[in-house]
Colleague: 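A single structure is presented below for examination.
Note that the numbering runs from 1 along the sequence shown for the chain.
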Amino acid sequence: MRISEKAYAKLNLSLDVSAPRNDGYHDMVMVMQSISLCDELDFTLDNSGRVSATSNFRYIPNDERNLAVKAVNKYLDRIGRRDVGCRINIIKNIPSGAGMGGGSSDAAAALRAMNRAFDNCLSGDELLELAAQTGSDVPFCVRGGTQLAKGRGEILTDLPDMPMCSLAICKPSFSISTPELFRKLDNIRIRTHPDTPGMLAAVNAGDLSGMCRRMYNVFEDIDDRRMRTVAEIKSKLLDMGACGAMMTGTGSAVFGVFNESKDAVKAAELLNREYGFGRSAEPTGRTEI
Ligand code: C5P
C-alpha cells in the first residue's frame with residue numbers, strides 16, 4: 001500500500017520562553033502558523049518489519065534520527081503491528097536548521113499517513129499523544145493552521161485562521177542548533193517579551209496589522225553574529241514593504257508578512273539571490289484528522 005502526505009512548514013508569529021524546567025525543557029508560549037511551503041512524503045507499507053527513509057538530500061538521516069521514521073515506529077508499536085514495515089520517501093523543500101519545523105512536520109505527516117493506512121484506528125487525541133513523544137513541535141504540525149501552543153508545545157488551542165496575506169521567507173546559509181540556542185537563552189536576562197495577549201486579541205479580531213506589530217521572538221535578544229544577520233534580513237524585509245518581520249523558532253529563517261503577493265514574491269527572489277534561500281508562501285488552514 002502507498003500513501004502520500006504533504007508536510008507543511010511552520011512559522012512562529014510570536015515566541016516566548018520561561019525559565020528552564022526540571023526536565024531540561026522550557027515552558028513556552030507561541031502563536032504558530034502553518035504555511036504552504038511543504039515537504040512531500042510517500043509511505044510504502046510492506047511486511048518487512050523495518051522502517052527506513054530516503055530523500056532527495058544526502059544529509060537527511062534514514063534511521064530513528066529522522067523524526068518521520070521515529071513517528072512511524074511509535075505508531076506501529078502503539079497499535080501492536082511490528083510485523084509491518086514502511087519505506088518513506090521524502091522530497092525535502094523545507095530547509096533544515098531553519099526553525100520551520102521541517103523534521104517535526106514530516107513526523108506529523110507520518111502519523112497522519114499511518115492512521116489513514118490503519119483506518120483511523122487511533123483517535124485524534126491518541127495521535128497527538130504520540131506526536132508529543134516524537135518532538136515538541138510535532139503536535140502543532142499534526143493539524144497546523146493557526147494555534148496557540150503552550151508547555152513544551154503540546155498544549156494547543158485553535159485560533160481563527162490568519163487573515164489573507166503573503167509571506168517571504170529567507171534562510172541565511174548558516175543553521176542554528178535548537179539546544180544550543182536554548183542554552184544561550186538561559187544565560188541572558190530576556191529584556192523584551194512578546195505581547196502575547198495583544199497578539200491573541202489581534203488574531204481573534206482578524207487584524208493583520210495588529211498581529212504584525214506584535215510579532216516577536218525572544219531568541220532574537222541573543223547577542224551574537226548570527227542574530228546580527230537575522231536583524232539585517234528583517235530590516236531588508238521591512239524596507240521591501242513587509243508590515244512585520246521576525247525570526248521563526250530558533251532560526252535561522254526569517255520571514256516577512258506582506259499584504260500583496262507580488263511584493264512577497266519579489267522580496268523572496270531578491271533574498272534568494274543574496275542569502276541562498278528565499279521563498280514566498282501563504283498561510284494554510286488546519287487539516288482535520
Ligand atoms: O523536543 P525536541 O526534540 O524538539 O527538542 C529539542 C531540544 O530543544 C530539547 O532537547 C531542548 O534542549 C530544547 N527544547 C526546550 N524546551 C522546549 C522545546 C525544546 O528546552 N519547549
Colleague: Could you tell me whether the side chain of L237 reaches within less than 4.5 Å of the side chain of F255, counting heavy atoms only?
Modeller: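 The answer is no; the side chains never approach within 4.5 Å.
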
Colleague: If we ignore hydrogens and angles and just use 3.5 Å, is the side chain of S280 paired with the main-chain N or O of A268 as donor and acceptor?
Modeller: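 Not a single qualifying donor-acceptor pair exists.
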
Colleague: Roughly how far, to the nearest 0.5 Å, is the CG atom of D39 from the CD1 atom of I60?
Modeller: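 Output value for this atom pair is 8.0 Å.
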
Colleague: Quick one: is the NZ or CZ of R279 closer than 6.0 Å to the six-membered ring centre of F277, and within 45° of its axis?
Modeller: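 Cation-pi check for R279 and F277: passes.
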
Colleague: Strictly by modelled atom types, are D161 and T146 linked by a side-chain donor-acceptor pair under 3.5 Å?
Modeller: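 There is no such pair between these side chains.
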
Colleague: Hey, are the side chains of M100 and K10 touching, using non-hydrogen atoms and a 4.5 Å cut-off?
Modeller: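 No, their side chains stay 4.5 Å or more apart.
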
Colleague: Atom OG in S18, atom NE2 in H193: separation rounded to 0.5 Å?
Modeller: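 Separation between the atoms: 8.0 Å.
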
Colleague: I'd like to know if the side chain of E220 and the backbone of M247 have a donor-acceptor N/O pair within less than 3.5 Å.
Modeller: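 Checked: pair present.
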
Colleague: Would you kindly say whether S136 and R152 are connected by a side-chain donor-acceptor distance under 3.5 Å?
Modeller: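 On atom types as modelled, these side chains qualify, holding a pair under 3.5 Å.
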
Colleague: Membership question, hydrophobic clusters at under 4.5 Å side-chain separation (ILVMFWY): are F219 and I233 in the same one?
Modeller: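 Yes, one cluster joins them.
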
Colleague: I need the C170 SG to E274 CD distance, nearest 0.5 Å.
Modeller: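 Separation between the atoms: 8.0 Å.
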
Colleague: Under the 3.5 angstrom rule, does the side chain of R286 hit a backbone N or O of L159 as a donor-acceptor pair?
Modeller: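 Side chain of R286 to backbone of L159: a pair is present.
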
Colleague: Only one of V31, V257, T248 clears side chain to side chain contact (heavy atoms under 4.5 Å, CB included) with L11; which?
Modeller: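 Filter result, single survivor: T248.
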
Colleague: Output yes when a side-chain donor or acceptor of T44 lies under 3.5 Å from a complementary backbone atom of R2, and no otherwise.
Modeller: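 Such a contact is absent between T44 side chain and R2 backbone.
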
